[in-house]
Number of protein chains: 2
Amino acid sequence: MESIDTELANKIRKDVILGTYDDGARLSEAQLCDTYGVSRTPVRLALRLLEREGILRRAEGRGYVVHSPTVQDILQAVQVRGHLESLAARLMAQSSGRHNRLPTLEAAIDEIDKFIRAGNLDDASLRKLQQQNAVFHKTILDGCGNDFVGYTCDQISHMPMLESGSMVFDKQVLSTSEGIQRSLFRLKLGNSQHKVIFEAIQKGDAVRAEAMMREHSNTMVEYIEVFEKRNAELTLTDLISYSGINLDQDASGTDEAE
Amino acid sequence: MESIDTELANKIRKDVILGTYDDGARLSEAQLCDTYGVSRTPVRLALRLLEREGILRRAEGRGYVVHSPTVQDILQAVQVRGHLESLAARLMAQSSGRHNRLPTLEAAIDEIDKFIRAGNLDDASLRKLQQQNAVFHKTILDGCGNDFVGYTCDQISHMPMLESGSMVFDKQVLSTSEGIQRSLFRLKLGNSQHKVIFEAIQKGDAVRAEAMMREHSNTMVEYIEVFEKRNAELTLTDLISYSGINLDQDASGTDEAE
DNA sequence: ATCTCCTTCTTGGGATCCCAAGGTGAAAGG
DNA sequence: CCTTTCACCTTGGGATCCCAAGAAGGAGAT
């Protein structure tokens, strides 16, 4: 069981993303106490958390104000994360042999392959895909030998909203069979990049591991950019619905076996 | 004026680093309340902060335990920071012309040059050097266009203890005139790297800017490694005394003019 | 002497109260 | 009608109290 302030933060985050509070709206502590039925102590802790996440901005003397992230914000966060992942991939390749993560990586790749071959991208499958994708990325981040890399990644603003190595799916694209084909192509591309990264790490080719992880990350960034241009009118909520954004915070599929 | 919890965190951090509390010692809330004369509320906030910084570890059910960073920890933190700085340098080079940071960078380089030419490495000069060094690095981090880069850097564990782009000075090295010559050489090397980075950013050569910043960071990491090997018996406090670790938290020399 | 159980203390986490400082809006006065 | 002032409210930040759950240590039983 999570403590109340974390749960409260989750609730407020959800409400902000779902549009219950308008962008720029002031969040009064008293009102939040009332709405969620708790005292000011946890409310203020939650507000602090959400400020660090970047969802809220502090307005000195006037409390907190909603600052829902733009697609641009998410792009920048993903860029930083990708860069850190490329460091992790390099370090993991360098320390190849001193860790025991290769089977985990290979299993995740195989799992993703299985979903791609099955070819159906319903909600349940997508969630499983997300999860395996997260396993792949998280394994590299947490197993690279530098403990700060994974930790730092989690500290990036807006990242608590995003699953590891967030994959974005476009609702509208998925609604057509041609769109599904395109998404499948993208997944195939992504997983082939996973394989290349895996092999580089396995061989201890640090330079290649880093370069390939960077390419993988860039592919993601480019996809979001295309997505944004094509759907300028789409709200963040729409993007989030089919991206890796975790509104429930319960599906912590990546239990690290130490 | 800072709020009490932050000040308290500063005090506890200082005490931990200076060795008032042994590594592994338990910090009792009641005891801290007593020692610093405040109530549990700010104490617990401070403990939370210090846990995020990595100075304390939470011992579930048994409060917090001192976990003073090893040289290895600091090395890893610097590695992550360096990697993020290389991203920042690349981005800044890419957006060359859309920002106005070049004069700041050039001024910092010139200032550092001035100190090197003066050739005296007394405490006051070292502090000023640190400060200008911090300006150079922070300007790139904060002015690269991706706001998450600088923010994320500040979130790295142990980083609140370190000045931006921490430069390490070895007390023992500085005690001999030959040692001072070596330190001056290192400073010269570092600042020549600064110049190369600056020129790459100015020319918009993103690849070179990133590569050179990486080299700069590696130089730093290597220096710390040499330092560690040579002075295995040196305590962290010794390292900290002449590194960029900020015990007072008052000398915030890098006021960002927005 | 060892094991078990019970008491006690600490931690974790909230609720409530408190106070100072700064913002806001309404009323009074020009 | 505009300005100024003042009362009121909100926020920021602590102190104090409270309670449940778990750790630690001591007493009693085997």
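Within every chain, numbering begins at 1; the chains are lettered A, B, ... in the order of the sequence lines, protein sequences first and strands thereafter.
- Computed from coordinates, the Glu29(A) CD to dC9(D) C1' distance equals 13 Å when rounded to whole Å.
- Side-chain nitrogen and oxygen atoms of Thr41(A) include none within less than 4.0 Å of the OP1 or OP2 phosphate oxygen of dG14(C).
- One atom, CD of Gln31(A), and another, C1' of dT11(D), lie 14 Å apart when rounded to the nearest Å.
- Comparing the end axes of the helix from dA1(C)-dT30(D) to dG30(C)-dC1(D), each fitted to five base pairs by superposing C1' atoms of four pairs onto the next four, gives an inter-axis angle of 10° (nearest 10 degrees).
- Using a 4.0 Å cut-off between a side-chain N of Lys or Arg and a carboxylate O of Asp or Glu, Asp5(B) and Arg44(A) do not qualify as a salt bridge.
- Between His83(A) and Ser86(B), the shortest heavy-atom distance links the atoms NE2-OG, 3.3 Å.
- dT11(D) atom C1' lies 9 Å from atom CZ of Arg26(A), rounded to whole Å.
- For the pair Leu32(B) CG and dT10(C) C1', the computed distance is 13 Å after rounding to whole Å.
- Place Ala59(B) and Gly61(A) on DNA chain C by their nearest nucleotides, and Ala59(B) ends up nearer the 5' end.
- Residue side chain Arg40(B) does not reach the base of dG14(C) through any donor-acceptor N/O pair under 3.5 Å, judged by distance alone.
- Residue contacts for Arg48(A): at a heavy-atom cut-off of 4.0 Å it reaches no nucleic acid atom on any strand shown.
- Atom CZ in Arg62(B) sits about 11 Å away from atom P in dT11(C), given to the nearest Å.
- For Pro42(B), the listed nucleotide lying nearest its side chain is dG14(D); candidates were dG14(C), dG14(D), dG12(D).
- By the neighbour-count criterion of 12 heavy atoms within 6.0 Å, atom CZ of Arg52(B) is densely surrounded, having more than that number from other residues, nucleotides or ligands.
- When each of dT11(C), dG14(C), dT11(D) is scored by its nearest atom to the side-chain atoms of Ser28(B), the top-ranked nucleotide is dT11(C).
- Rounding to whole angstrom units, CG of residue Leu56(B) and P of dG12(C) are separated by 12 Å.
- With hydrogens and angles ignored, a donor-acceptor pair closer than 3.5 Å exists between the side chain of Arg44(B) and the base of dG13(C).
- Distances were taken from every side-chain heavy atom of Asp5(B) (C-beta onward) to each of dG14(D), dA15(C), dG12(C); the shortest belongs to dG14(D).
- Spacing between atom CG of Leu45(A) and atom P of dT11(D) amounts to 16 Å, rounded to whole angstrom units.
- In this structure, CD of Glu60(A) is placed 7 Å from P of dG12(D), rounded to the nearest angstrom.
- For the residue pair Gln76(B) and Gly145(A), the shortest heavy atom distance occurs at NE2-O, 3.0 Å.
- A perpendicular orientation is assigned to the rings of His194(B) and His216(B), their planes being inclined by more than 60° (bins at 30° and 60°).
- In this structure, Ala88(B) and Val149(B) approach most closely via the heavy-atom pair CB-CG1, 4.0 Å.
- Here the closest non-hydrogen pair linking Asn100(B) and Pro103(B) is O-CD, 3.7 Å.
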